[in-house]
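Numbers here simply count residues along the sequence, with the first being 1. FYI, side chains are in, hydrogens and waters are out, and symmetry mates aren't considered; it's all heavy atoms of this structure.
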Amino acid sequence: LVQSRQSLLLTAVLGGAYSSTLTTVVLAKQSTNGDCGQTVGATVLASAMMYVRLAVLLWIFNSELGWRLGPRFILLGIAAGLVGYLVMLFPRRARDCTASDEPQQSRNPLEVGTAFIFAGLFLGLSIITQLVTQRMGSAWLYALSAVMGATDVDPFIMGLAQTAGQATPLSVAAIAIVIATASHNLMQGIYARSFGGPQT
């Protein structure tokens, strides 16, 4: 199923604002239908929304940390968003993409079941984050950041933001958040490669 540019744009923006990881997987699977150019751009745009979402969450949960990282995340989001939108406007030719013999079924990245899974992850990761920040050093926190970034980064960052400036120094929390974000981007690239193929 080839979606229109407007539909892909809406999927990227709304899906990325909710979960850029899930949106990346859904779009990567769809990109194997032989018209990957626009879905690749939408995937990059969804990742751009991750930066905007994280900046907003930081400002909500810890304004001091938000002012430290928020403007940088917004700039990264704008840059990635422009790249994604340009790729959508000027996609590669369909024959350059891997075609799938199986019909592609459109999925909603805002599924309720997935929302419950992410809610459970949020609770569990928040508890782990609290324990590490209170009882272990910054090296362990940085290691945890890299691991947590490979899953869903929001629960970890929200839990960390609530302790930053109290149990965790702001500078340490900021570095941990950047590590988690970088790790998360790396994993999204791996997901895109795994589910979408080498052209994607």
Subject >> Residues Ile157, Leu57; criterion side-chain contact (heavy atoms from CB on, under 4.5 Å); working and verdict >> reply: CA-CA 8 Å; Ile157 289 179; Leu57 289 175; 5.7 Å; no
Original post:
OH of Tyr191: more than 12 outside heavy atoms within 6.0 angstrom?
Top reply: yes
Original post:
Can you hop from Leu9 to Leu89 via hydrophobic side chains spaced under 4.5 Å?
Top reply: yes
Original post:
Of all residues at least two apart in sequence or in a different chain, which pass the side-chain contact (heavy atoms from CB on, under 4.5 Å) check with Val147?
Top reply: none
Subject >> Within residues 48-59 or reaching into it, pairs that qualify as side-chain hydrogen bond (donor to acceptor under 3.5 Å, both in side chains) - sequence neighbours excluded >> reply: Tyr51-Asn185, Arg53-Asp154
**OP:** Please report the closest heavy-atom contact between Ile179 and Ala146, naming both atoms and the distance.
**Re:** CG2-N, 3.8 Å
**OP:** Apply side-chain contact (heavy atoms from CB on, under 4.5 Å) to Leu82 and list each qualifying residue two or more places apart in sequence or on a separate chain.
**Re:** Ile78
Subject >> Smallest separation among heavy atoms of Ser19 and Thr23, with atom names >> reply: O-OG1, 2.8 Å
Original post:
Is Leu186 reachable from Phe195 through a run of hydrophobic residues whose side-chain heavy atoms are each under 4.5 Å from the next?
Top reply: yes
Original post:
CD1 of Ile175 to CG of Leu170: how many Å apart, nearest 0.5 Å?
Top reply: 11.5 Å
Would you list the atom pairs, donor with acceptor, under 3.5 Å between side chains in residues 63-73 and any protein atom, with sequence neighbours excluded?
residue	atom	partner	partner atom	Å
Arg72	NH1	Arg68	O	2.5

**OP:** With sequence neighbours excluded, give me every salt bridge (Lys or Arg N to Asp or Glu O under 4.0 Å) pair touching residues 180-194.
**Re:** none
Original post:
Under a 4.5 Å cut-off applied to non-hydrogen side-chain atoms, are Val26 and Thr11 in contact?
Top reply: no
**OP:** Calculate, to the nearest 0.5 Å, the distance between atoms NE2 and OG1 belonging to His184 and Thr21 respectively.
**Re:** 3.0 Å
Subject >> Spacing of Leu160 atom CG and Met158 atom CE [to the nearest 0.5 Å] >> reply: 11.5 Å
Original post:
In terms of hydrophobic clusters joined by side-chain contacts under 4.5 Å, are Leu27 and Leu86 together?
Top reply: yes
Atom pairs and distances, donor-acceptor, side-chain atoms in residues 43-50, under 3.5 Å, two or more places apart:
residue	atom	partner	partner atom	Å
Thr43	OG1	Thr39	O	2.8
Ser47	OG	Thr43	O	3.4
Ser47	OG	Gln188	NE2	3.1

Original post:
To the nearest 0.5 Å, how far apart are CD in Gln38 and CZ in Phe90?
Top reply: 11.5 Å
